[in-house]
Amino acid sequence: MHLVLFLIFAGLCLAGAINLLLQSHPINSALSLVVVMIALAVLYLLLGAEFLAAAQIIVYSGAIMVLFVFVVMLLNAGREERTLGSKVAKTLGFPAVVAVMGVLATIILHLQGMGAAAINQGLIPTEELSRVLFHELLLPFEITSILILIAILGAVALARQEGSERSVTK
Amino acid sequence: MTLLEFALWNLLKVVVVTVILLLGVAYTVLLERKAVGRIQNRWGPSRVGPFGLLQPLVDGAKNFLKEDLIPAAVYRPIYLLAPIISLGCALVVIAVIPFGANMGPKGFDLFEVSNINIGLLVVLGLTSMGVYGIALAGWSSNNKYSLLGSLRSSAQLISYELALGLSLVGVVLRAGSFNLRTIVDQQAQHGLLSWNMFGGFQFVAFFIYLMAAYAETNRSPFDLPEAESELTGGYHTEYSSMKFAMFFMAEYANMINVGCVATLLFLGGWTSPFGHLIGPFHSAWINALLSIFWFVFKVFMFLFLYIWVRGTLPRFRYDQLMNFGWRFLMPLAILNIVGTSLWLALR
């Protein structure tokens with residue numbers, strides 16, 4: 001049952017990701033990304049991380065992707081122009097990606113004893129994870145949040161500056 | 001209970017709950033028309049059936065028989081998808097709502113479609129997914145009113161979702177669980193006095209939740225996305241026939257969902273307000289029916305409040321709405337979390 005569900009949603013995830021690249025309209029791409037996020041949430045659920053799955057849906061597909069769709073709507077972005085793509089990407093990029101993926105897959109399979117591990121073996125529940133995060137790693141965690149806060153403030157400051165210049169020139 | 005029996009029972013539960021929800025939607029519309037009618041000193045629907053009671057069915061039939069227009073300039077796939085997302089997200093929420101005390105054989109819950117330990121998060125997640133229905137409907141209609149309506153609506157939903165989510169944190173802190181049954185059980189000891197709204201000192205959270213819920217369901221006084229006088233109808237201007245009806249049903253289903261969540265989190269769910277004064281009776285069935293009665297009664301009161309507010313309050317201006325959400329509700333919700341955590345820590 002787990003394997004069937006995994007195959008369905010992993011397939012959906014990959015299909016969404018490929019569709020994201022192939023679509024020429026930004027809103028279709030954004031919606032494909034939503035499908036990818038939801039499929040990922042289901043995969044988390046299959047791994048027994050319910051909280052993570054719900055957070056994935058609420059934060060990524062519910063908040064961040066809505067913002068993407070919002071921006072696309074606001075700018076009313078049209079169809080993207082198709083370029084044929086650079087030759088470098090085709091000759092170097094694809095083989096490089098395949099090579100990196102191959103190395104990663106081999107290492108992971110090797111560590112798991114060539115795929116012998118069952119799907120719910122050696123799982124760490126979200127509770128343990130958060131205990132580590134909020135006890136041992138509390139300081140780095142808080143510093144990260146301050147970093148993000150600084151980034152937000154920076155974005156606001158940049159946007160403000162541009163706005164005030166525009167109002168001056170007008 | 002074998003697997004097949006389990007599947008059949010669950011299917012039956014899903015069908016019954018969905019039918020009741022849809023009937024509830026239809027009759028909430030009638031209740032609204034009647035109550036708003038009385039507030040405005042007129043009768044409301046009174047011709048079809050006794051007291052106009054058959055009006056919702058006739059309205060449904062009318063919507064089915066109307067011509068389904070699809071304007072030429074719409075972006076078809078998304079135009080067709082949007083009402084489905086909207087209604088789908090609204091209807092699925094009811095799956096995690098427990099509406100009566102736990103009954104039935106072990107491992108099977110008669111009064112809840114599925115009892116899961118992240119119930120509250122599922123509700124929040126589905127609500128946040130519902131935004132897509134409205135946003136995409138407005139964008140794909142290729143109409144300025146629709147686009148403006150859906151932009152307003154998305155901005156409003158994103159802003160108030162934060163306040164809504166944060167207002168629930170206090171309740172979750174008190175219960176220590178996302179499971180809706182656990183949250184209700186924790187309020188069950190002393191009737192009214194142990195409800196989160198009174199005994200739990202979560203009335204600030206309840207106030208924030210109430211305000212955010214009006215905004216989340218696009219209801220008056222925050223119904224700017226479909227302000228008739230400015231936008232002719234907002235995001236569903238270009239929809240007709242059953243597609244319009246789907247948006248309409250989604251709005252009322254969302255109202256019922258919000259009422260259910262408020263009942264579960266703040267008003268003690270299916271527990272009696274009198275606690276053990278009117279005690280548990282000997283017959284398990286009477287207890288079960290009584291629990292369902294209290295749940296439905298509380299949801300009904302919540303819906304009536306919705307309609308009352310709609311009938312009596314004027315609409316906000318858009319900047320007032322945004323300021324209220326970000327500068328008042330958000331800080332208040334954060335203060336509530338800090339206060340609740342301190343209280344729980346120092347108790």
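Every chain is numbered from 1 and lettered A, B, ... according to where its sequence line falls, protein lines coming before strand lines. Keep in mind the model is a prediction, meaning the values are calculated, not measured.
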Chemist: Mind checking what makes ring pair (Phe, Tyr, Trp, His ring centres under 6.0 Å) contact with B:Phe244, not counting sequence neighbours?
Modeler: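 With sequence neighbours excluded, B:Phe244 shows a ring pair (Phe, Tyr, Trp, His ring centres under 6.0 Å) to B:His236, B:Phe248, given in chain and number order.
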Chemist: Below 4.5 Å, heavy-atom pairs only: which of B:Ser128, B:Ser150, B:Ala155, B:Gly130 has the largest tally toward chain A?
Modeler: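 Sorted descending by pairs with chain A, the first entry is B:Ser128.
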Chemist: Heavy-atom distances under 4.5 Å only: say whether B:Ile116 touches chain A with side chain, backbone, both or neither.
Modeler: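 The answer is neither part of B:Ile116.
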Chemist: Is chain A contacted by the side chain of B:Leu151, its backbone, both, or neither, given a heavy-atom distance below 4.5 Å?
Modeler: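 Contact with chain A: backbone and side chain both.
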Chemist: Under a 3.5 Å cutoff, is there a donor and acceptor pairing between the side chains of B:Ser159 and B:Trp326?
Modeler: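 A donor-acceptor contact under 3.5 Å links the two side chains.
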Chemist: For B:Ser86 and B:Pro83, indicate whether the former's side chain and the latter's backbone hold a donor-acceptor pair under 3.5 Å.
Modeler: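 Answer holds: no.
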Chemist: Can you tell which part of B:Val131 gets under 4.5 Å to a heavy atom of chain A, answering side chain, backbone, both or neither?
Modeler: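 Looking at B:Val131, just its side chain touches chain A.
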Chemist: Which atom pair, heavy atoms only, marks the closest approach of B:Arg181 to B:Asn179?
Modeler: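 Nearest pair, atom of B:Arg181 first, then B:Asn179: N-OD1, 2.8 Å.
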Chemist: Tell me, side chain or backbone of A:Val34 under 4.5 Å from chain B's heavy atoms, or both, or neither?
Modeler: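 Just its side chain gets close to chain B.
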Chemist: Fit a plane to each ring of B:Tyr160 and B:Phe222, take the angle between them on a 0 to 90° scale, and name the class: parallel (under 30°), tilted (30 to 60°) or perpendicular (over 60°).
Modeler: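 Tilted: the ring planes of B:Tyr160 and B:Phe222 meet at 30° to 60°.
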Chemist: Go through the atoms of A:Val69 and report whether side chain, backbone, both or neither lie under 4.5 Å from a heavy atom of chain B.
Modeler: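 For A:Val69, the side chain is the part near chain B, not the backbone.
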Chemist: Examine whether an atom of B:Leu124 lies under 4.5 Å from a heavy atom of chain A, and if so say whether it belongs to the side chain, the backbone or both; otherwise answer neither.
Modeler: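 Both parts, backbone and side chain.
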Chemist: Please name all residues satisfying side chain to side chain donor-acceptor pair (under 3.5 Å) with B:Ser140, sequence neighbours left out, ordered by chain then number.
Modeler: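 Result, side chain to side chain donor-acceptor pair (under 3.5 Å) vs B:Ser140: none returned.
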